[in-house]
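Worksheet: one structure, shown below.
Note that this is a predicted model, so its numbers are computed, not measured.
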Amino acid sequence: QVQLVESGGGSVQAGGSLALSCVASGDPVSSACMAWFRQAPGKERMAVAYLDPDGRTTYGDSMRGRFAISKDGTKNTLHLQMNTLSPDDTAMYYCAAVWRPHCPLAYSSYDYWGQGTQVTVSS
């Protein structure tokens, strides 16, 4: 069992940056796959970034080069640095985890989810 709590969302202008955090409590997550997903109203949930237990990362096509996923093992916290934001990035951002050696691509494969944090980017 693990609990995930996101923070760091807010409103920014296009071209700005935000840093999201996801604190994991309960069972240790050092061997877990962790990921960020996002969902805008009326749209499907989409992958943002994945972080394998071995440190390998994977990004969605529109996020690659702008976003960076990382983990602080000491604080048991997942991070997402978002740069050069555009209105297309406006969505609810969710932290997720599953105990697998390699991150699956589908959001339905993840067992644990945070409550989400809202990111709004204005033009």
Side-chain angles (χ1 to χ4, degrees):
Q1 289 290 312
V2 65
Q3 297 78 46
L4 305 175
V5 180
E6 303 98 332
S7 63
S11 299
V12 298
Q13 294 186 356
S17 299
L18 280 175
L20 307 183
S21 297
C22 172
V23 178
S25 302
D27 292 340
V29 295
S30 59
S31 61
C33 169
M34 302 193 74
W36 290 95
F37 294 85
R38 72 186 189 189
Q39 187 170 24
K43 295 186 177 181
E44 296 181 353
R45 190 168 301 180
M46 301 183 65
V48 175
Y50 308 90
L51 179 60
D52 292 342
D54 65 3
R56 294 186 178 184
T57 60
T58 305
Y59 295 93
D61 289 343
S62 65
M63 297 82 177
R64 190 175 301 109
R66 299 188 299 123
F67 292 6
I69 187 171
S70 62
K71 180 170 62 179
D72 185 335
T74 302
K75 299 180 179 179
N76 212 32
T77 301
L78 183 73
H79 299 281
L80 181 69
Q81 178 65 48
M82 305 186 294
N83 301 318
T84 319
L85 288 165
S86 75
D88 291 338
D89 296 314
T90 296
M92 186 74 74
Y93 284 70
Y94 298 93
C95 173
V98 64
W99 265 258
R100 292 189 182 185
H102 303 288
C103 290
L105 298 180
Y107 67 83
S108 60
S109 297
Y110 290 80
D111 296 323
Y112 303 97
W113 293 83
Q115 81 288 348
T117 184
Q118 179 68 40
V119 172
T120 302
V121 185
S122 60
S123 60

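Taking CE of Met82 as the reference point, atom CG of Leu20 lies at 4.0 Å (rounded to 0.5 Å). In this structure, SG in Cys33 is found 10.5 Å from CG in Asp111, a value given to the nearest 0.5 Å. Here NZ of Lys71 is found 12.0 Å from OG1 of Thr57. Values are rounded to the nearest 0.5 Å. The OH atom of Tyr93 sits 15.0 Å away from the OG atom of Ser7 when rounded to the nearest 0.5 Å. Atoms OG and CG, on Ser31 and Asp52 in that order, are 12.0 Å from each other to the nearest 0.5 Å. In this structure, CE in Met34 is found 8.0 Å from CD1 in Ile69, a value given to the nearest 0.5 Å.
Between Phe37 and Trp113, the two ring planes are tilted [angle within 30° to 60°].
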Ser109 and Arg100: CA distance, side-chain angles, deciding distance, side chain to side chain contact (heavy atoms under 4.5 Å, CB included) verdict
CA-CA 10 Å; Ser109 297; Arg100 292 189 182 185; 4.3 Å; yes
Apply side chain to side chain contact (heavy atoms under 4.5 Å, CB included) to residues Leu105 and Tyr50 and explain how you reach the verdict.
CA-CA 8 Å; Leu105 298 180; Tyr50 308 90; 3.9 Å; yes
Is there a side chain to side chain contact (heavy atoms under 4.5 Å, CB included) between Met63 and Trp36? Walk through the geometry before answering.
CA-CA 11 Å; Met63 297 82 177; Trp36 290 95; over 6 Å; no
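Residues Val2 and Trp99 have side chains in contact (heavy-atom distance under 4.5 Å, counting atoms from C-beta outward). At a threshold of 4.5 Å between non-hydrogen side-chain atoms, the residues Thr90 and Gln118 count as touching. Using a 4.5 Å heavy-atom cutoff, the side chains of Val119 and Arg38 are not in contact.
For Met92, the CE atom sits in a packed shell: over 12 heavy atoms of surrounding residues, nucleotides or ligands are nearer than 6.0 Å. Around the OH atom of Tyr107, the shell of radius 6.0 Å holds no more than 12 heavy atoms that belong to other residues, nucleotides or ligands.
The heavy-atom pair separating Leu18 from Gln81 by the smallest distance is O-NE2, 3.6 Å. Nearest heavy atom pair, residue Pro104 against residue Val98, reads CD-CG1, 4.0 Å. A pairwise comparison of heavy atoms in Arg66 and Thr84 identifies NH1-O, 3.0 Å as the closest pair. In terms of heavy-atom proximity, Leu80 sits nearest to Ala49 at CD1-CB, 4.4 Å. When every heavy atom of Ala14 is checked against every heavy atom of Ser123, the shortest pair comes out as CB-CA, 4.3 Å. Closest non-hydrogen pair, Leu4 versus Tyr112, comes out as CD1-O, 3.6 Å.
Judged by distance alone, with hydrogens and angles left aside, the side-chain atoms of Gln115 form a donor-acceptor pair with the main-chain N or O of Glu6 at under 3.5 Å.
Note on Leu78: it clusters hydrophobically with Tyr59, by side-chain heavy-atom contacts below 4.5 Å among ILVMFWY residues. Both Val121 and Val48 are assigned to one and the same hydrophobic cluster, defined by single-linkage of ILVMFWY side chains at heavy-atom distances under 4.5 Å.
Shown are Cys95, Cys22, Ser21; of these, the side chain to side chain contact (heavy atoms under 4.5 Å, CB included) with Thr77 is made only by Ser21.
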